[in-house]
**Student:** 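Below you'll find the structure I mean.
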Amino acid sequence: MADPDRPMGCSPGRSPQRLIAHLDMDAFYASVELLRRPELRGLPVVVGGRRAAGQATPEGDWPRLRDYTGRGVITTATYEARAMGVHSGMGLMKAAALAPNAILLPADFDEYRRLSRRFKAAVAELAPVIEDRGIDEIYIDLSEVPGARDAVGFDPLGGARALAQELKNNVRRATGLSCSVGLAPNKLLAKICSDLDKPDGLTVVMAEDVPSRIWPLPVRRINGVGPKAAARLEALGVHTVGELATWPQADLVAEFGAAHGHWLHEAAQGHDERPVVTESEPVSISRETTFERDLHPRSDRPELGRIFTWLCERVAEDLQRKGYAGRTIGIKLRFDDFRTVTRDHTVEQPTQDGAAIREAAGQCLKRVNLSRRLRLLGARVGSLVRLGRDGLPLAAPRAPQAPARPPTLASSERVVSPTGSVATAARRAAVMDEQTLPLFPEAEDAA
DNA sequence: TCTGGGGTCCTAGGACCC
DNA sequence: TCTGGGGTCCTAGGACCC
């Protein structure tokens, strides 16, 4: 497939050498907290938990990890806390055993988003081709940035490195925060090498450096090789990227299937042609919550019903605020044994209406065996379309398959608005009639 | 005392159409 | 009457990422 963005003058069939940066903010959430609490610098600090206090007592005591009880995981840990074995994703109770005196702060996502916008704007001043990879990291295509292009191929330690250093300086000026940058011919290598010298690192890896710099690393460092794939490779005697690189592609395909096998083979060679994608549309919007204690579908029915309705309304609110509607309404349940099930249901017209979402989600819930306690409940809307000011989809959703039912509704039926449209009221009433035994009937009252 | 919340992408089977 | 292949949509689960 030809790359439409290929610069003029490059021979067809062979991609031009690109210069890609991956920029990763160092311990982002924790670093943001230290910006406004400089007295905590140098101490082990973790961000996480739902009920952490977030401020010192009048006596100047900060909440400690050992005082926390309940569910939750570490979102970020400062490097001082990481030195004690604590890392993100770790359960708070387990972390408390390792670092009881670490200071625990609650997450403040509004503030993180504010600084996220700032650091991205600071990068955009110098290099505008940016791919968003979440709140704390981005890819940057530097290929066309003046001064960088000339550096490709013959002076990676000169112009390109100087430009990356400028990016870091700009980010620090704008936010007071440090970041680590990886510089490479593609996203795969840039991502790996931004992690090689954290924090405040700047690492350059060119194609010819792959054997010496990349092959000694564990396969897990490849973005896309997770715990499962790593374990399977381990079982095959493959621990490092270099060992993976010795495998013939055919053997990897036989072992992992065509798509995954081919990708693993390319990744081990340091090959990656994915472009830096500057714009994308969301595929789904969801809300979920883990309960403080597991709830029983029967004895805790009223509470579950309220939570279920609340989640659907939050999703509807998110859709309305962002200007989307969706046709596929889904639910997610996690049982006390951590087993997760999902159900979804596609409706005829995209909706962003909380009541309509709640109804479809209720239909989904009927198809789940509810004999165990639940620890998590979630609601999701997918197959999104962006809505214009008139409340109609900007790009019409794909027409549903030829209906196997009488065409009772006009094809021009409006999208269900937040207030609910006349056209859908009859259908909604029909759905209600089918609900001989609503699973969480109390929710209807609470709503 | 296990294991958050927000996402994306892939696979695979069945329905349905041409 | 039987056999069939390709394409798309829908659904469920799972791997993975930040």
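Worth saying up front: this structure is predicted, and the values here are computed from it rather than measured. Residue numbers start from 1 in every chain, and the chains themselves are labelled A, B, ... in the order their sequence lines are given, proteins ahead of strands. These numbers come from the heavy atoms of this one structure, side chains and all, not from hydrogens, waters or symmetry mates.
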**Student:** Just how far, in rounded Å, is C1' of B/dT8 from CD of A/E288?
**Tutor:** 14 Å

**Student:** Taking only the side-chain heavy atoms of A/N223 (C-beta and beyond), determine which of C/dC16, C/dC17, C/dA12 contains the nearest atom.
**Tutor:** C/dC17

**Student:** If you only use heavy atoms from C-beta on, which nucleotide in B/dT8, C/dC16, B/dT3 is closest to the side chain of A/F338?
**Tutor:** B/dT3

**Student:** Hey, which of these two, A/H260 or A/R380, hits DNA chain B nearer its 5' end, going by closest nucleotide?
**Tutor:** A/R380

**Student:** On the nucleotide C/dA12, are OP1 or OP2 found under 4.0 Å from the side-chain N or O atoms that A/T342 carries?
**Tutor:** no

**Student:** I'd like to know if the side chain of A/N170 pairs up with that of A/E166 as donor and acceptor (distance under 3.5 Å, no hydrogens or angles considered).
**Tutor:** no

**Student:** To the nearest angstrom, how far is A/Y112 atom OH from B/dG5 atom C1'?
**Tutor:** 14 Å

**Student:** Compare the minimum distances between each of B/dG7, B/dG4, C/dA12 and the side chain of A/S284, then state the nucleotide with the smallest one.
**Tutor:** B/dG7

**Student:** Check the pair A/E273, A/N186 against side chain to side chain donor-acceptor pair (under 3.5 Å), reporting the backbone distance first and the verdict last.
**Tutor:** CA-CA 7 Å; A/E273 295 287 312; A/N186 60 51; over 6 Å; no

**Student:** So is A/R334 actually on top of A/F338's ring, under 6.0 Å and inside 45° of the axis?
**Tutor:** yes

**Student:** Given B/dT8, C/dA12, B/dG5, which nucleotide is nearest the side-chain atoms of A/V283?
**Tutor:** B/dT8

**Student:** Taking atom C1' in both B/dC16 and C/dG4, compute the distance separating them and give it to the nearest angstrom.
**Tutor:** 15 Å

**Student:** Would you say B/dT3 has OP1 or OP2 under 4.0 Å from some side-chain N or O of A/R71?
**Tutor:** yes

**Student:** Out of B/dG7, B/dG5, C/dT11, which nucleotide sits closest to the side chain of A/S286?
**Tutor:** B/dG7

**Student:** State which residue, out of A/R327, A/R380, A/K332, A/R367, fulfils the salt bridge (Lys or Arg N to Asp or Glu O under 4.0 Å) condition with A/D344.
**Tutor:** A/R380

**Student:** Counting just side-chain N and O atoms, does A/K191 come under 4.0 Å of either OP1 or OP2 of C/dC18?
**Tutor:** yes

**Student:** Rounded to the Å, how far apart are A/L104 CG and B/dT1 C1'?
**Tutor:** 15 Å

**Student:** Of A/G89 and A/P282, whose closest DNA chain B nucleotide lies nearer the 5' terminus?
**Tutor:** A/G89

**Student:** Specify the separation, in whole Å, of atom CZ of A/F256 and atom P of C/dA15.
**Tutor:** 13 Å

**Student:** Below the 4.0 Å mark, does B/dG5 have OP1 or OP2 next to a side-chain nitrogen or oxygen of A/T290?
**Tutor:** yes

**Student:** Output the rounded distance in Å from NE2 (A/H345) to C1' (C/dT11).
**Tutor:** 12 Å

**Student:** Rounded to the nearest Å, what distance is computed from the CZ atom of residue A/R343 to the P atom of nucleotide C/dA12?
**Tutor:** 5 Å

**Student:** Using a 4.5 Å cut-off on heavy atoms from C-beta on, say whether the side chain of A/Q269 contacts that of A/V210.
**Tutor:** no

**Student:** Let me know the distance between CZ of A/R339 and P of B/dC2, rounded to the nearest Å.
**Tutor:** 18 Å

**Student:** Measure CZ/A/R221 against P/C/dC17 and give the value in whole Å, please.
**Tutor:** 13 Å

**Student:** Can you see whether A/F291 has A/R293 sitting over its ring - NZ or CZ less than 6.0 Å from the centre and within 45° of the normal?
**Tutor:** no

**Student:** Which one, B/dG5, B/dG4, C/dC17, comes nearest to the side chain of A/R375?
**Tutor:** B/dG4

**Student:** The side chain of A/R287 lies closest to which of these nucleotides: B/dG6, C/dG13, B/dG4?
**Tutor:** B/dG6

**Student:** For B/dC18, give its Watson-Crick or G-U wobble partner with both distances under 3.5 Å, or none.
**Tutor:** C/dG5

